[in-house]
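Remarks on the structure that follows.
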Amino acid sequence: GIQVEQSPPDLILQEGANSTLRCNFSDSVNNLQWFHQNPWGQLINLFYIPSGTKQNGRLSATTVATERYSLLYISSSQTTDSGVYFCAVPSFVTASKLTFGTGTRLQVTL
Amino acid sequence: DAGVTQSPTHLIKTRGQQVTLRCSPKSGHDTVSWYQQALGQGPQFIFQYYEEEERQRGNFPDRFSGHQFPNYSSELNVNALLLGDSALYLCASSRDGGYNEQFFGPGTRLTVL
């Protein structure tokens with residue numbers, strides 16, 4: 001099945017700093033989702049981005065499907081950004097089954 | 001617009017028991033998927049229901065079963081609970097057979113003693 005790797009696994013930032021999270025996947029995909037999992041376990045949808053670039057406030061994402069990676073940018077980080085960030089992709093074969101990456105654990109400190 | 005809801009929030013069971021978890025999808029969604037998330041890991045796909053039938057299944061034993069009702073809500077049943085079944089169980093809903101963005105509920109945290 002499709003493999004999804006995320007980097008870095010852990011990230012500690014001071015409030016106000018910027019960061020880039022990376023998601024690599026092993027096969028062709030027709031969409032990709034980024035999630036933020038808060039400390040209570042809720043997965044919050046950030047982006048649904050099969051290709052190109054999208055922006056939502058301080059967050060933006062870029063997916064380059066032909067090169068099999070996606071990037072999530074967080075600017076001017078806040079303590080509320082802390083948590084685990086996952087990317088998830090379906091394969092072309094089982095298009096509605098999401099395979100998740102291992103996640104990036106982000107801690108934003110004052 | 002209500003999001004995906006799950007019940008119960010937390011559950012404690014003992015080995016060998018059976019458990020039923022429930023999920024109501026977002027309004028307008030017809031597909032429900034279930035995922036298991038062990039501590040420190042990403043969610044793993046269990047199965048998906050569409051038109052009241054199991055359409056896809058991940059690498060989980062037959063102890064894991066489910067059901068989808070005509071109103072699109074769904075149940076996850078786990079029989080003969082093992083300690084290793086302790087996890088956060090997440091339900092996701094999507095529209096048009098699941099080939100669209102998936103939205104997750106808050107999860108049910110199951111502890112098996």
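Reminder, nothing fancy here: chain letters follow the sequence lines and each chain counts from 1. Predicted model, so just to flag it, every value in this text is computed and none were measured.
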(request) Ignoring hydrogens and angles, tell me if any N or O in the side chain of Gln33(A) forms a donor-acceptor pair with the backbone of Gln102(B) under 3.5 Å. (result)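 Pair found, side chain donor or acceptor close to backbone of Gln102(B).
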
(request) For this output row, return yes or no: ring centroids of Phe100(A) and Phe45(B) closer than 6.0 angstrom. (result)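 Ring-ring flag for Phe100(A)/Phe45(B): false, centres at least 6.0 Å apart.
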
Quick check: is [Y] connected to [X] through a chain of hydrophobic side chains (ILVMFWY, heavy atoms under 4.5 Å apart)?
X	Y	value
Phe47(B)	Leu110(B)	yes
Tyr85(A)	Leu71(A)	no
Leu81(B)	Leu90(B)	no
Tyr89(B)	Leu11(B)	yes
Val19(B)	Tyr49(B)	yes

(message) For Leu83(B), is the CG atom crowded, meaning more than 12 foreign heavy atoms sit under 6.0 Å from it?
(response)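 Yes, because the 6.0 Å sphere around CG of Leu83(B) holds more than 12 heavy atoms from other groups.
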
(message) For the CZ atom on Arg15(B), are there more than 12 heavy atoms of other groups (residues, nucleotides or ligands in this structure) within a distance under 6.0 Å?
(response)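 Atom CZ in Arg15(B) is not crowded, with 12 or fewer foreign heavy atoms closer than 6.0 Å.
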
Measure the spacing between [atom1] of [X] and [atom2] of [Y] and express it to the nearest 0.5 Å.
X	Y	atom1	atom2	value
Arg57(B)	Lys97(A)	CZ	NZ	12.0 Å
Glu101(B)	Leu32(A)	CD	CG	11.0 Å
Leu88(B)	Gln37(A)	CG	CD	6.5 Å

(request) List the atom of Pro43(B), the atom of Leu43(A), and the distance in Å for their closest heavy-atom pair. (result)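 Heavy-atom minimum between the residues: CG-CD1, 4.1 Å.
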
(request) Specify the closest pair of heavy atoms between Asn100(B) and Tyr48(A), including all atoms of both residues, with the distance to one decimal. (result)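 Residues Asn100(B) and Tyr48(A), closest heavy atoms: CA-OH, 3.7 Å.
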
(request) Give, as side chain, backbone, both or neither, the part of Gln44(B) having an atom under 4.5 angstrom from any heavy atom of chain A. (result)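 For Gln44(B), there is no contact with chain A at all, as no heavy atom is under 4.5 Å.
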
(request) Check whether any side-chain heavy atom of Leu98(A) lies under 4.5 Å from a side-chain heavy atom of Tyr35(B), and answer yes or no. (result)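 Leu98(A) reaches Tyr35(B) side chain to side chain.
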
